[in-house]
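Contents: one structure, followed by commentary.
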Amino acid sequence: MSGNTVTAMHPHNSAARTLGRAARELGLKRGELELAVQLGIIRTVPDEGGGGRHVPRSEIDRVSSGEGFPDSLLNRVKVVGTTEGADVMDVSAGRFTRLARLGLVVPVKFYLNRYRAVVWLYLAEELKRFAADEKNTSLLNDRRMPEGLRGMLDAGVDLRPRNWRGRHRGVLLRQADDPWGSAGALAAFLDPVQIAEIVPDPYERSHVNRFRPGPPASGPPGSPSTLIAERIMTADDPDEISLLRADLTEVLAHARALRPAPRPGRPPAPTHPEDIGSQRRPEEPEPSRGLLSWLRRRTPRTTTP
């Protein structure tokens, strides 16, 4: 996934559009625009009034002036399910499902149908690239999968949830404005017991939970659809959990160094790295170059098939 969806608000962005209006001006459905933002195709800025994220007028002009617009933009955000995805790759639906379970094609979204079954969606462009790569010819055309892959399928391997989580984690980390936001993004994929072990301080844990997003597809709290979405969102593989715990521990160390979590009796701390110098106590060291570089970069780890 390319690009960064987070930029600072500047005076020239005062004509920023709401996501709904930006979608209409770009000829997209609201869900297509949100996906474009997640993929880094369209940049957003925070609303100074706290009303969510907006799309700058300059960004709408940039995207709409691109070569082949609007078809080129629509093609980049087109998603397909199993049946259409199999058609795109010219394979059977069964072969497509096996490739997805093995993590060779990675879902970008999911939703629950009327029967509360999980429906995975894939970027059509990515499927076309996979099918066009000569290295994948045998996976698409050979009568039988290689023995090692067959063994994985026989063992019940299904990497779709984990690969989706890896992709969605990258989206949330790019949208985080500071290390506490990054901590919340990482915590979104761990269950409360894991979070309590890593963040034993109740004030810190409460602060992390402020930035902890829920699953993108859910219903009322406690409903069957919400419980299914939460299960998909929560890491269940030991290696994945270990990686998340290590990353969250590291990010929390950066967050504490930048700005301690609020607690009763403590005055508000500065919220931006450039503000720290003027409000630092004499005995506090200056932020390291590494920390400031990390804050500017905020490059997430991603899961690849």
Side-chain angles (χ1 to χ4, degrees), residues 1 29-39 76-89 91-128 130-131 139 145 149-150 152-173 175 185-194 212-241 243-244 300 302-305:
M1 289 181 281
K29 297 176 182 177
R30 174 65 179 260
E32 291 172 334
L33 181 106
E34 291 174 350
L35 180 57
V37 170
Q38 292 172 12
L39 295 172
R76 295 180 72 183
V77 296
K78 182 179 180 180
V79 294
V80 294
T82 296
T83 301
E84 192 175 356
D87 290 340
V88 168
M89 297 175 66
V91 296
S92 68
R95 174 63 63 103
F96 181 90
T97 299
R98 290 191 289 275
L99 293 172
R101 285 178 55 193
L102 290 166
L104 298 174
V105 293
V106 180
V108 70
K109 295 175 67 174
F110 73 87
Y111 70 91
L112 305 180
N113 66 15
R114 59 187 296 185
Y115 305 107
R116 300 196 186 104
V118 179
V119 178
W120 297 103
L121 298 175
Y122 307 81
L123 284 172
E125 272 200 339
E126 289 186 353
L127 301 184
K128 291 176 183 177
F130 184 93
L139 292 171
M145 288 279 189
L149 297 182
R150 289 203 313 272
M152 292 173 64
L153 292 170
D154 292 342
V157 165
D158 187 351
L159 296 179
R160 288 174 294 184
R162 177 171 179 172
N163 279 347
W164 173 81
R165 286 192 295 269
R167 184 167 219 158
H168 192 57
R169 185 164 68 248
V171 169
L172 296 180
L173 286 171
Q175 292 177 343
L186 293 168
F189 301 93
L190 292 169
D191 65 44
V193 174
Q194 300 275 353
R212 184 172 179 250
S218 60
S223 67
S225 58
T226 295
L227 295 176
I228 293 171
E230 289 175 349
R231 187 178 71 238
I232 294 172
M233 187 86 166
T234 304
D236 57 5
D237 179 85
D239 290 338
E240 183 184 7
I241 292 171
L243 173 65
L244 284 164
T302 58
T303 302
T304 56

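As the structure is a computational prediction, the values presented were derived from the model and not from experiment.
In plain terms, the two heavy atoms of Ala93 and Thr82 that are nearest each other are O-CG2, 3.9 Å. Taking every heavy atom of both residues into account, Leu172 and Ala185 meet most closely at CB-CB, 3.7 Å.
Glu32 places a side-chain N or O within 3.5 Å of a backbone atom of Lys29 that can act as its donor or acceptor partner. With hydrogens and angles ignored, the 3.5 Å screen pairs no side-chain donor or acceptor of Thr234 with any backbone N or O of Asp191. In this structure, the side chain of Arg212 engages the main chain of Ala187 through a donor-acceptor pair within 3.5 Å. The backbone N or O of Ala100 lies less than 3.5 Å from no partner atom in the side chain of Arg160, so there is not a single donor-acceptor pair.
Note: Phe96 CZ to Asp87 CG = 10.0 Å, rounded to the nearest 0.5 Å. In this structure, the separation between CD on Glu84 and CG on Leu127 is 9.5 Å, given to the nearest 0.5 Å. Between atom CD1 of residue Ile241 and atom CG of residue Leu190 there is a gap of 7.0 Å, rounded to the nearest 0.5 Å. From Leu244, atom CG reaches atom CG of Asp239 across 11.0 Å, with rounding to the nearest 0.5 Å. Rounded to the nearest 0.5 Å, atoms CE (Met89) and NZ (Lys128) are 12.5 Å apart. A distance of 12.0 Å separates CG in Leu99 from CG in Leu159, rounded to the nearest 0.5 Å.
In this structure the side chain of Leu121 never reaches within 4.5 angstrom of the side chain of Val80, judged on heavy atoms. Annotation: side chain of Arg165 is in contact with side chain of Glu240 (closest heavy-atom distance under 4.5 Å). A heavy-atom distance below 4.5 Å is not found between the side chains of Val77 and Leu123. Between Arg162 and Asp236 there is no side-chain heavy-atom pair separated by less than 4.5 Å. Two residues are said to be in side-chain contact when any heavy atoms from C-beta on lie closer than 4.5 Å; Arg231 and Pro215 fail this criterion. Contact check for Gln38 versus Leu35: side-chain heavy atoms found under the 4.5 Å cut-off. By the 4.5 Å heavy-atom criterion applied to side chains, Pro221 and Thr226 are not counted as neighbours. Residues Met152 and Arg101 form no side-chain contact, since every pair of their non-hydrogen atoms from C-beta on lies 4.5 Å or further apart.
Ion pairing between a basic and an acidic side chain is recognised when a charged N comes within 4.0 Å of a carboxylate O; Arg98 and Asp158 show no such pairing. Taking the charged nitrogens against the carboxylate oxygens, Glu126 and Lys78 have no contact shorter than 4.0 Å, which rules out a salt bridge.
Annotation: ring pair (Phe, Tyr, Trp, His ring centres under 6.0 Å) contacts of Phe189 (sequence neighbours excluded): none.
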Validation: residues 103-120 side-chain donor-acceptor distances under 3.5 Å, sequence neighbours left out:
unit_1: Asn113; atom_1: OD1; unit_2: Tyr115; atom_2: N; d: 2.9
unit_1: Asn113; atom_1: OD1; unit_2: Arg116; atom_2: N; d: 3.1
unit_1: Asn113; atom_1: OD1; unit_2: Ala117; atom_2: N; d: 2.9

Do Leu139 and Met145 pass the side chain to side chain contact (heavy atoms under 4.5 Å, CB included) test, and can you show the C-alpha distance, the side-chain angles, and the key distance before you say yes or no? CA-CA 7 Å; Leu139 292 171; Met145 288 279 189; 4.3 Å; yes

